[in-house]
Number of protein chains: 2
Amino acid sequence: MRALVVEDDPDIGIDVENGLADAGLVVDRITNGPDAWFAGDTEDYAIVVLDLGLPGLDGLTVLRRWRASGRTMPVLILSARGDWTEKVEGIEAGADDYLAKPFQLGELVTRARALLRRAGGHAAPVLEIGRLKVDTRNRRLLVRDVETRVSPLEFRLINFLAHQADRTIAVGEIADHLYGTSEIGDVNAIEALIMRLRRKIGSDSIETRRGFGYRLTGGAS
Amino acid sequence: MRALVVEDDPDIGIDVENGLADAGLVVDRITNGPDAWFAGDTEDYAIVVLDLGLPGLDGLTVLRRWRASGRTMPVLILSARGDWTEKVEGIEAGADDYLAKPFQLGELVTRARALLRRAGGHAAPVLEIGRLKVDTRNRRLLVRDVETRVSPLEFRLINFLAHQADRTIAVGEIADHLYGTSEIGDVNAIEALIMRLRRKIGSDSIETRRGFGYRLTGGAS
DNA sequence: GGTTCGCTGACACTCGGCTGACAGATTGTA
DNA sequence: TACAATCTGTCAGCCGAGTGTCAGCGAACC
């Protein structure tokens, strides 16, 4: 299940992205209005978290255009202050919920969950791939039912791979998801990360497809 | 299914051309505005990738003229880095998606696929030729439904041939696609590649047409 | 029968990916 | 505050898969 986070402040945006990723969603993050409009219009998201103050095209306009073209996914609006006018405008433009900054990440995730539940879809809390169980809600990883400590970044990686098990994922895609940029600063950082993760979950769990990318299989049993 | 790439920078243009060809499209590439306008107005393309900065007639004007004369094919705009005005103008001129330079080729292909899907025609993700199945999305090759390991270059070749199954492809065309240059450094490199591929998929899958080139038939059954 | 074209095995080089070591940053703790 | 532990990116060296090259051979065409 995919979520879209539209927020131009990178600190807040990455926080929200991590929160939703921990809740079991694959998250795209976008930092400007026009990109957000296109992404929401062309991709299929289970939920959207939308900041109102955006460069290029403001959030309300983006939302109105989505609704005008028949997009019905739940949208949760973020706005700078507890500004009532904005809230009303947001709801009228077709928002499903509203949160004023500053907010607690936990509250945002809770509301997002509620929206998802209301919309019918529910994020699978535990993904099972071969001998692995990825508990997205509690941010835990089980290998043959034994809890295995992984670092935050390692968890984001295994979580990302687990949502697309058996698909070959290019290193660029991984960089894009982990660091929010498809600019691959140093591929070696990801190789090192993969190596550390393999040590914990067994080296046969993640297959290397030389020249293509990586593929999560879960390994034997 | 045909695609039109309008881009005056040959490096970018050839990259895009190869990316779309790998995705299963037959690509025409044009490097100036007037020719682009004419081609888009008279030929039938499933999708157009349009750079905005073009010699002769700029991209936005070309797009507006297409729309004014009733052409409805999906158009993906390439625009200079982070220029909102241009992007918004592009949208209003009737673009269906846009991408800022520099971009990852993979992302362009993904978006192009999304546009094609939305437009109804869909680039088949799995091509079936005789006993072969080419999974373009996951970059896998199945021979009689058994996954068969191929190297990146071998995959690009079989993918290229599969998109034009039953057609005889000249060695020069293959070189052009694989190496981006029709200058054939050494034909033997391609012969060796063909041989290695045949070993994996069965020697009767690729027919040699002496003096003309190669033809993919998929072999018996 | 000779010539040309394509096939194939062997070999060498390149480069992608793996790994151990280290260092800076961050977080937790006495 | 100072110290320890953990996390994560970087560097250097290694290994092996992937690919181009070469030489010799066989088959097709004249």
Side-chain angles (χ1 to χ4, degrees), chain A residues 11 14-15 18 22 139-141 147-161 168-181 183-216, chain B residues 106 139-141 147-161 168-181 183-217 219:
Chain A
D11 291 337
I14 290 176
D15 266 6
N18 285 337
D22 287 347
R139 207 185 165 83
R140 294 189 319 157
L141 177 64
E147 177 160 4
T148 304
R149 269 180 56 100
V150 288
S151 76
L153 197 61
E154 284 163 4
F155 186 83
R156 293 185 60 205
L157 174 58
I158 190 72
N159 192 20
F160 180 56
L161 295 178
T168 300
I169 318 284
V171 176
E173 266 184 89
I174 296 176
D176 199 21
H177 182 259
L178 292 184
Y179 308 113
T181 166
E183 301 279 322
I184 311 172
D186 191 352
V187 178
N188 194 233
I190 290 174
E191 291 167 1
L193 185 65
I194 293 262
M195 185 198 64
R196 283 162 188 150
L197 191 51
R198 273 179 173 155
R199 261 191 210 141
K200 294 179 180 177
I201 67 177
S203 55
D204 61 334
S205 296
I206 301 175
E207 181 188 336
T208 302
R209 299 200 56 214
R210 200 183 168 89
F212 298 114
Y214 295 94
R215 185 163 62 152
L216 182 70
Chain B
R139 302 174 72 93
R140 295 191 312 163
L141 176 65
E147 180 164 359
T148 304
R149 268 179 55 104
V150 287
S151 76
L153 198 62
E154 284 162 3
F155 185 83
R156 291 187 61 203
L157 174 59
I158 189 71
N159 193 20
F160 181 57
L161 296 178
T168 300
I169 318 283
V171 176
E173 260 185 277
I174 296 176
D176 196 21
H177 180 75
L178 293 184
Y179 308 112
T181 166
E183 300 282 319
I184 311 170
D186 191 353
V187 179
N188 193 231
I190 290 173
E191 291 169 359
L193 186 65
I194 294 262
M195 184 201 63
R196 284 164 187 148
L197 192 51
R198 275 178 172 155
R199 248 182 224 154
K200 294 179 180 178
I201 66 177
S203 55
D204 61 333
S205 295
I206 301 174
E207 181 186 332
T208 302
R209 303 204 55 213
R210 197 184 166 91
F212 296 104
Y214 297 94
R215 188 166 68 132
L216 182 70
T217 64

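Keep in mind that this is a model prediction, so the values were computed, not measured. Lettering of chains follows the sequences in order, A, B, ..., and the numbering in each one begins at 1.
Using a 4.5 Å heavy-atom cutoff, the side chains of B:Leu193 and B:Glu154 are in contact. Side-chain atoms of B:Leu216 and B:Ile158, non-hydrogen and from C-beta on, do get closer than 4.5 Å to each other. The closest side-chain heavy-atom distance from A:Arg215 to A:Ile169 is not below 4.5 Å. B:Ile190 has its side chain out of reach of B:Leu157: every pair of non-hydrogen atoms, C-beta onward, lies at least 4.5 Å apart.
B:Ile190 places its CD1 atom 11 Å from the P atom of D:dT21, with the value rounded to the nearest Å. Rounded to an integer number of Å, the gap from A:Arg215 CZ to C:dG17 C1' is 17 Å. Between A:Glu207 atom CD and D:dA17 atom C1' there is a gap of 14 Å when expressed in whole angstrom units. The interatomic distance linking B:Leu157 (CG) with D:dG18 (C1') rounds to 14 Å, in whole Å. For the pair A:Arg156 CZ and D:dG9 P, the computed distance is 11 Å after rounding to whole Å. Rounded to whole Å, atom P of C:dG16 lies 13 Å from atom CG of A:Asp186. As rounded to whole Å, 18 Å separates atom C1' of D:dT8 from atom CZ of A:Phe155. Across the protein-nucleic acid pair, A:Lys200 atom NZ and D:dT6 atom P stand 10 Å apart, rounded to whole Å.
For A:Ala189, whose side chain is taken as the heavy atoms from C-beta onward, the closest listed nucleotide among D:dT8, D:dT10, D:dT21 is D:dT10.
Residues satisfying the ring-ring contact (aromatic ring centres under 6.0 Å, His included) test with B:Phe160, not counting sequence neighbours, are B:His177.
Between B:Pro152 and A:Gly211, the shortest heavy-atom contact is CG-CA, 3.6 Å. For the residue pair B:Glu207 and B:Arg198, the shortest heavy atom distance occurs at C-NH2, 3.9 Å. A:Glu191 and A:Tyr214 make their closest contact through CG-OH, 3.9 Å (heavy atoms, listed as atom of the first residue, atom of the second, distance).
Side-chain atoms of A:Thr168 and B:Arg139 include no donor-acceptor pair closer than 3.5 Å.
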What does the list of N/O pairs under 3.5 Å between the protein and nucleotides 23-29 of chain C look like, with a distance for each?
none

Which pairs, protein N/O on one side and nucleotides 6-8 of chain C N/O on the other, fall under 3.5 Å?
residue : atom : partner  : partner atom : Å
C:dG6   : OP1  : B:Gly211 : N            : 3.1
C:dC7   : OP1  : B:Arg198 : NH1          : 2.8
C:dC7   : OP1  : B:Thr208 : OG1          : 2.7
C:dC7   : OP2  : B:Tyr214 : OH           : 2.7
C:dT8   : O4   : B:Asn188 : ND2          : 3.2

